[in-house]
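Positions are given from 1, in the same order as the sequence printed here.
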Amino acid sequence: MDKKLPPVFLTAWWRNLVMLNYEVDAEILAPFVPPGIELDSWKGTMLASIVAFEFADVRVLNRPVPFHRDFEEMNLRFYVRRRTADGWRRGVVFVRELVPLPTVALLARLFYGEPYLALPMDRLFRHHPMPPGSPGTTAPASATTVRYSWDHDKTWNRVEATVDTTQEPRLPEPGGEEEFLTDHTYGYGTRRGQTIEYVVEHPTWRYWNASEARLDRRAATVRRLWGDGFASYLKSPRSAFLVEGSPVTVRRPQAIRV
């Protein structure tokens, strides 16, 4: 990372991240890759993720924004890298990002060139019993289902994951697939014809593997939000988990030379 970082634009908490991860062919992702950036793979496999989470305690330029401090986001992202003099920079590119607040969507499009769209959204956290984990156990374990929903064309779609919250969340194994999916410092996009790069800082996230997970959506929603190419891929996730989250710092975007 550069010794002199760009100024901070936004700080927030990202909490309770539901991540569903899918194998996707490179030719589906290639049209979304900004100039000067290339696709990154996990051991030769191209991956894309549906990620939904809570934005909380949002501050822009270190100031709270009234009525815009706590809301949901859902996005479809994939994984890229950029070669620099200091080595590879691993990052993400977003196909589409949803939030319930039009002002947030507008600012993200203007400053970061991100494909944000404002739609009605909601979230639900439900605790319920699970079957005992071993013979002789009398008290049921506690499971948590985290669900994020969005209204598109008067139909509610949702993504959700259920995890055993009696277990401690784990840290990703260094060099493992979970680390590849959760630990990306850079975001890339296109703004006014230029490729931009921005830094997203957060500590290493802990996660639970999901015992159940699903993306419940209409085919028309997939086509309208993400394009026809993704329809056949966003069915059965390769992996799914719930991530605790943490405070995050998002720095100002910078145009890069390509």
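When atom types are taken as modelled, the side chain of Arg90 and the backbone of Phe180 share a donor-acceptor pair closer than 3.5 angstrom. Listed for the Trp156 side chain is no donor-acceptor partner under 3.5 Å among the backbone atoms of Ser149. The backbone N or O of Pro35 lies less than 3.5 Å from a partner atom in the side chain of Thr195, making a donor-acceptor pair. Side-chain N or O atoms of Thr162 include none that pairs as donor or acceptor with a backbone N or O of Ser211 at under 3.5 Å. Here the side chain of Asn157 pairs a donor or acceptor atom with the backbone of Thr155 at under 3.5 angstrom. Between the side chain of Thr84 and the main chain of Gly87, a donor-acceptor pair closer than 3.5 Å is present. Not one N or O on the side chain of Asp183 forms a donor-acceptor pair closer than 3.5 Å with the backbone of Thr204.
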Item to check | side-chain contact (heavy atoms from CB on, under 4.5 Å) evaluation trace for Glu23 with Leu47 | outcome: CA-CA 5 Å; Glu23 296 184 24; Leu47 300 173; 4.0 Å; yes

Next on the checklist: Walk me through whether Met121 and Trp150 qualify under side-chain contact (heavy atoms from CB on, under 4.5 Å).
Outcome noted: CA-CA 4 Å; Met121 298 186 71; Trp150 68 98; 4.0 Å; yes

Checklist entry - side-chain contact (heavy atoms from CB on, under 4.5 Å) between Asp151 and Leu119: does it pass, once the steps are laid out? => result CA-CA 6 Å; Asp151 183 2; Leu119 292 175; 5.8 Å; no

Item to check | side-chain contact (heavy atoms from CB on, under 4.5 Å) between Trp208 and Asp164, worked out | outcome: CA-CA 8 Å; Trp208 294 270; Asp164 179 1; over 6 Å; no

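Between the CG atom of Asp228 and the CD1 atom of Ile28 there is a distance of 9.5 Å, given to the nearest 0.5 Å. Taking CZ of Phe53 as the start and CE of Met74 as the end, the distance is 11.0 Å to the nearest 0.5 Å. Between the OH atom in Tyr148 and the CD atom in Glu54 there is a gap of 4.5 Å [rounded to 0.5 Å]. Once rounded to the nearest 0.5 Å, the distance linking OG of Ser41 with CG of Leu29 reads 11.0 Å. To the nearest 0.5 angstrom, Leu215 atom CG is 6.5 Å from Leu234 atom CG. Interatomic distance, OG1 of Thr144 versus CG of Leu242, reported as 8.0 Å (0.5 Å rounding).
With a 4.5 Å cut-off on side-chain heavy atoms, Arg191 and Arg109 do not count as touching. Looking at Glu173 and Glu179, their side chains never come closer than 4.5 Å, going by heavy atoms from C-beta outward. Residues Thr249 and Val8 have side chains in contact (heavy-atom distance under 4.5 Å, counting atoms from C-beta outward). At least one side-chain heavy atom of Ile256 sits under 4.5 Å from a side-chain heavy atom of Arg82. Two residues are said to be in side-chain contact when any heavy atoms from C-beta on lie closer than 4.5 Å; Lys43 and Glu177 fail this criterion. The side-chain heavy atoms of Pro169 and Tyr207, taken from C-beta on, include no pair separated by under 4.5 Å. Between Trp88 and Asp40 the shortest side-chain heavy-atom distance does not fall below 4.5 Å. Thr145 has its side chain out of reach of Glu212: every pair of non-hydrogen atoms, C-beta onward, lies at least 4.5 Å apart.
Other residues, nucleotides and ligands place no more than 12 heavy atoms under 6.0 Å from the CZ atom of Arg224. Heavy atoms of other residues, nucleotides or ligands lying less than 6.0 angstrom from CD of Glu27 number more than 12.
Phe55 and Leu106 fall within the same hydrophobic cluster, defined by Ile, Leu, Val, Met, Phe, Trp and Tyr side-chain heavy atoms under 4.5 Å apart, directly or through other members. Hydrophobic cluster membership is shared by Leu110 and Tyr116, with clusters built from Ile, Leu, Val, Met, Phe, Trp and Tyr side chains linked at under 4.5 angstrom. Neither Trp13 nor Met19 shares a network with the other; the hydrophobic side chains, linked directly or stepwise wherever heavy atoms of I, L, V, M, F, W or Y lie under 4.5 Å apart, form separate groups for each.
Side-chain N/O atoms of Tyr79 and Arg77 include a donor and acceptor closer than 3.5 Å. Looking at Tyr233 and Asp25, their side chains do bring a donor and an acceptor atom within 3.5 Å of each other.
Applying the side chain to side chain contact (heavy atoms under 4.5 Å, CB included) test between Leu76 and each of Phe94, Tyr22, Phe32, Phe230 identifies Phe230 as the sole match.
The six-membered or imidazole ring of Tyr112 lies near that of Phe9, with a centre-to-centre distance under 6.0 Å.
Nearest heavy atoms, Pro253 versus Ile196: CB-CD1, 3.9 Å. The two residues Ala210 and Ala161 come nearest to each other via the heavy atoms CB-CB, 4.1 Å. In plain terms, the two heavy atoms of Pro247 and Pro203 that are nearest each other are O-CD, 3.8 Å. For the residue pair Leu181 and Ser49, the shortest heavy atom distance occurs at CD2-OG, 3.8 Å. Closest of all the heavy-atom pairs between Val33 and Leu39 is CG2-CD2, 3.7 Å. Here the shortest heavy-atom pairing between Phe71 and Pro100 reads CB-CG, 3.9 Å.
The existence of a salt bridge linking Arg89 and Glu197 is confirmed by a sub-4.0 Å separation between a basic side-chain nitrogen and an acidic carboxylate oxygen. The existence of a salt bridge linking Arg123 and Asp70 is confirmed by a sub-4.0 Å separation between a basic side-chain nitrogen and an acidic carboxylate oxygen. Salt-bridge formation is detected for the pair Arg206/Glu168: a Lys NZ or Arg NE/NH1/NH2 atom is positioned less than 4.0 Å from an Asp or Glu carboxylate oxygen.
Taking the six-membered ring where tryptophan is involved, the planes of Trp205 and Trp14 are tilted, since the angle between them lies from 30° to 60°.
Under the salt bridge (charged side-chain N to carboxylate O under 4.0 Å, His left out) criterion, Arg217 pairs with no residue, sequence neighbours left out.
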